[in-house]
Amino acid sequence: MTTDELPPEVQQYIGRLSSFMEGPDEVNKPMIRHWCEMVEDANPLYTDEEYAKNSEYGGIISPPTMLTTWVYPRWWPPLPLDEMDPAIGPAQLDVPLGDVPFFAASSITGEYLLPMRPGDKIRYQTELHSISPFKKIRIGAGHFVTTIHYYYNQRDELVGTTEFVLFRYRMEE
Amino acid sequence: MVNQILYWEDVGEGTEIPPVSLELTHNRIIMGVCATRDNFPLHHDPEFAHASGYKGPAVAGAFLQGFLGRCVTDWSGPTGKLRKLTLPFRTPNCQGDTITASGKVTRKFLENGDHRVDCELTVTNQDGIATVNAQATVGLPSRA
């Protein structure tokens, strides 16, 4: 089975774009420092004001890998039901793929295009990028569903993307 | 080397990226949830983790991205720029594990005037099991 043979009710999901979701907090130094504590990252661009001021950036920047964290939904108060998780969104789970009750994260790819600085407001939009033909792998049989998040700053500049591949499957004998 | 500058001209295919290690203590698991904001129970709740077939809470993808990002810029210095990181999920990294990231340069190239290298990055645990095999593209300054 090729992608062309996916049923029309599945194909119509491919290429769909979500509305924009904005992170609860602007890029900020305390959260950057917490991130550096977590993995013991001593990169002076993230926490050393003096060093960062004299660098090509002219000030502190965020670790590029914090991209998804800047848009992670708030923990409280509860979000309206239609707001989605930045990683596993309804975009991937809603596609009617038949009897595939399980899902497993397969891979995540980040592309980091522009620096993010304290004060930047990051928002993102999700595209349901592709759905693989039915495949059998070690853990079961199903479809790989790929979404791409596009992250923009307050100047509408694309600062990065993340591609998230989810395997939706059923167990096989 | 943290504050030193690594130039593109000074690396080649096979250049090694030195190991960095972290102990996934209970404390670090909590720091991970707070700093990444990923509060899915698998990342902090032992009962949920056990019920899901894990030996304990497993760190999130964002934690590993941060760890590998650190591994890269500890090697390149702050003038190195992580351009791309692909992280396939394989074996979970759980509370109680000690994880070590290291790597090597696999390709050296120019793209749109940017001096870049591709790297293979591996995370191994205390049992010598490779839990993550990631690929990174890194921009480096040039002497040219």
Side-chain angles (χ1 to χ4, degrees), chain A residues 23-25 30-48 51-52 54-57 61-76 85-88 102 104-115 138 160-167, chain B residues 1-3 5 20-24 27-40 42 52 58-90 92 99 101 132-139 141:
Chain A
D25 294 301
M31 285 175 69
I32 291 173
R33 191 174 56 73
H34 299 165
W35 181 275
C36 294
E37 288 176 345
M38 168 183 84
V39 290
E40 301 181 0
D41 192 334
N43 189 328
L45 289 173
Y46 307 150
T47 47
D48 184 333
Y51 181 94
N54 295 310
S55 74
E56 63 178 292
Y57 304 103
I61 58 167
S62 159
T65 49
M66 284 187 79
L67 201 52
T68 54
T69 288
W70 294 125
V71 298
Y72 219 89
R74 66 183 187 229
W75 290 349
W76 182 89
D85 186 292
I88 304 171
F102 303 101
S106 178
S107 70
I108 185 160
T109 297
E111 283 209 64
Y112 310 110
L113 305 172
L114 289 176
R138 185 177 48 87
T161 63
T162 52
E163 181 196 86
F164 187 73
V165 184
L166 188 76
F167 188 53
Chain B
M1 72 186 255
V2 186
N3 283 13
I5 296 178
V20 296
S21 293
L22 277 185
E23 206 180 325
L24 301 181
N27 195 38
R28 197 174 307 280
I29 293 286
I30 302 300
M31 289 160 81
V33 173
C34 295
T36 63
R37 303 295 295 170
D38 188 341
N39 62 352
F40 186 62
L42 177 64
S52 309
V59 294
F63 183 104
L64 294 168
Q65 290 174 316
F67 182 47
L68 291 172
R70 174 204 154 185
C71 176
V72 166
T73 52
D74 273 13
W75 165 67
S76 70
T79 48
K81 297 179 172 75
L82 183 65
R83 301 291 194 192
K84 186 174 180 181
L85 179 64
T86 298
L87 184 74
F89 296 102
R90 198 166 143 189
I99 56 173
V132 175
N133 289 303
Q135 285 89 43
T137 302
V138 183

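Quick note on labels: first sequence line is chain A, next is B, and so on, each numbered from 1.
Per-residue counts of heavy-atom pairs under 4.5 Å with chain B were compared for A:A52, A:A104, A:S106; the largest is that of A:S106. Counting heavy-atom pairs closer than 4.5 Å to chain A, the top residue among B:R90, B:K84, B:R70 is B:R70. No other option in A:I108, A:L45, A:L67 has as many heavy-atom pairs under 4.5 Å with chain B as A:I108. When the candidates A:I32, A:D48, A:T109 are compared by the number of heavy-atom contacts under 4.5 Å with chain B, A:T109 comes out ahead. Comparing B:T86, B:V20, B:L68 by how many heavy-atom pairs each has under 4.5 Å with chain A, the most go to B:T86.
Residues forming a ring-ring contact (aromatic ring centres under 6.0 Å, His included) with B:F89 (at least two apart in sequence, or on another chain): none. Take A:Y57 and apply the ring-ring contact (aromatic ring centres under 6.0 Å, His included) test, not counting sequence neighbours, and it matches no residue.
Judged by distance alone, with hydrogens and angles left aside, the side-chain atoms of B:R28 form a donor-acceptor pair with the main-chain N or O of B:E23 at under 3.5 Å.
A side chain to side chain contact (heavy atoms under 4.5 Å, CB included) with B:V59 holds for exactly one of B:T36, B:D38, B:L24, B:L42; it is B:L24.
Summarising the geometry of A:Y72 relative to A:P24, their closest heavy-atom pair is O-CD, 3.1 Å, with the distance given to 0.1 Å.
Looking at A:W75, the atoms closer than 4.5 Å to chain B (heavy atoms on both sides) sit in the backbone and in the side chain alike. Heavy atoms closer than 4.5 Å to chain A are found nowhere in B:F40, neither backbone nor side chain. Neither the backbone nor the side chain of A:E163 has a heavy atom closer than 4.5 Å to any heavy atom of chain B. Using a 4.5 Å cut-off between heavy atoms, B:L85 contacts chain A through both its backbone and its side chain. Within the 4.5 angstrom heavy-atom criterion, atoms from both the backbone and the side chain of B:V33 approach chain A. Interface residue B:R37: backbone and side-chain heavy atoms are both found under 4.5 Å from chain A. Proximity to chain B is limited to the side chain of A:P64, based on heavy atoms less than 4.5 angstrom apart.
How far CD of A:E37 is from CZ of A:R33: 4.5 Å, rounded to the nearest 0.5 Å. To the nearest 0.5 Å, the span separating CE on A:M38 from CG on B:N27 amounts to 13.0 Å.
Looking only at atom types and distance, the side chain of A:T69 has no donor-acceptor partner in the side chain of A:W35 under 3.5 Å away.
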